[in-house]
A.B. asks: 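Here it is: the structure, laid out below.
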Amino acid sequence: MSDSVLTLKEREDELFVRWMQAYKLAEGINPDTDFACDGLLYRGAYELKGGCWERRPGNETELWKNASCRLLILTKDTTRASGMDDIRIETARKNHTGTEVFAATTPFHRNLTLWSYALLNAMLGGEVVPYDSTPDWDVLCEHYATAPIARVNCKKLIGVSTIQDADLESHMERYAHFLREQVALYDSDIILCCGGHGIIKDFVKQHYLPDLQCFSSDEWVYYSPSTRKVIIDSYHPTYAKSFKKMGLYYTQMMNDVKAFIVEHPEYIRHTT
């Protein structure tokens, strides 16, 4: 069967079979318990399991292919505490965090939903929304649940609470051909690199977008002239734990995005 008739989930799953086998041979791990799948977020029915919300596969491939602007989020890895061995089930509702805290109050999901909303809105030609005017949680939650978003962990082996940058970089380089294949699979318009002090952004440049250029000395926005793709080099979503710092870093990021759009309006993805 050709790639053109496979869903993105089927293509992801085929890649993961090969990736798991490489892990098993090189790391001696059990893929069934140590490998976390990820990718295009499911857009099927919600299901409440163990007091947490999950999504089932749906029409996410069709929605992705028909979208005017698509966002790929690159994060480091997932942990045992997250309770998820497949990130694609993720919702902006109460997730498997190992706690009873709703996602709205956790920095990780609060930032991801906010950044996703702001970046997609801006690159579709909408307003660059100031932090004090950003929508409330219900709106951000609904957007995250319906927008064309893929979330990929650069390290598929399930980890612990933290990972050192050097360990992350070493892991990404050892399995670079798999990670590059997955990133290229989505052909996304925006890539949001979360954390790693530039390591994730540098991987994108080295293995996927070699013509990547930095827009300004603020070093938030990068762009590829040959593909018109925009890369955001951000901090880890849990870094700013207070709402005051969330607002500060959000403002810095989006000011750079706004300046980029003014100078490069050709990068705007107009809706069809």
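This structure is a prediction, so every number in the text was calculated from the model and none was measured.
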A.B. asks: Does a salt bridge link Lys156 with Asp38, judged by any charged N lying under 4.0 Å from a carboxylate O?
C.D. replies: yes

A.B. asks: Looking at Tyr235 versus Trp115, is the centre-to-centre ring distance below 6.0 Å?
C.D. replies: yes

A.B. asks: Under 4.0 Å between a side-chain nitrogen and a carboxylate oxygen: does that hold for Arg88 and Glu60?
C.D. replies: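 Here Arg88 does not pair with Glu60 in a salt bridge, since their nearest N and O are not under 4.0 Å apart.
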
A.B. asks: Pair Asn121, His143 - check side-chain contact (heavy atoms from CB on, under 4.5 Å), show working.
C.D. replies: CA-CA 10 Å; Asn121 185 66; His143 178 266; over 6 Å; no

A.B. asks: Does a side-chain N-to-carboxylate-O contact under 4.0 Å join Arg70 and Asp187?
C.D. replies: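 Judged by the 4.0 Å cut-off on N to carboxylate O distance, Arg70 and Asp187 do form a salt bridge.
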
A.B. asks: Would a hydrophobic clustering, with Ile, Leu, Val, Met, Phe, Trp and Tyr connected at side-chain separations under 4.5 Å, put Leu124 with Leu114?
C.D. replies: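 They do not share one cluster, since no chain of ILVMFWY contacts under 4.5 Å joins Leu124 to Leu114.
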
A.B. asks: Using the ring centroid of each side chain, check whether Phe203 and Tyr208 are separated by less than 6.0 Å.
C.D. replies: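 Aromatic pair excluded; centres sit 6.0 Å or further apart.
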
A.B. asks: Centres of the Phe35 and Phe16 rings: under 6.0 Å?
C.D. replies: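 Yes, close enough.
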
A.B. asks: List the steps and the verdict of salt bridge (charged side-chain N to carboxylate O under 4.0 Å, His left out) for Glu14 and Lys9.
C.D. replies: CA-CA 9 Å; Glu14 186 278 329; Lys9 180 183 184 303; over 6 Å; no

A.B. asks: Please tell me if the side chains of Trp19 and Leu179 come closer than 4.5 Å, counting only heavy atoms from C-beta onward.
C.D. replies: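 Heavy-atom side-chain distance check passes, below 4.5 Å.
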
A.B. asks: List for me each residue that meets side chain to side chain contact (heavy atoms under 4.5 Å, CB included) alongside His264, sequence neighbours excluded, and say none if there are none.
C.D. replies: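 His264 satisfies side chain to side chain contact (heavy atoms under 4.5 Å, CB included) with Phe215, Tyr223, Phe260, Glu266, Tyr267 only.
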
A.B. asks: Output yes when Arg55 and Glu47 qualify as a salt bridge under the 4.0 Å nitrogen-oxygen rule, no when they do not.
C.D. replies: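 The answer is no: the pair does not qualify as a salt bridge.
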
A.B. asks: Working to the nearest 0.5 Å, report the span between CE of Met254 and OG1 of Thr134.
C.D. replies: 10.5 Å

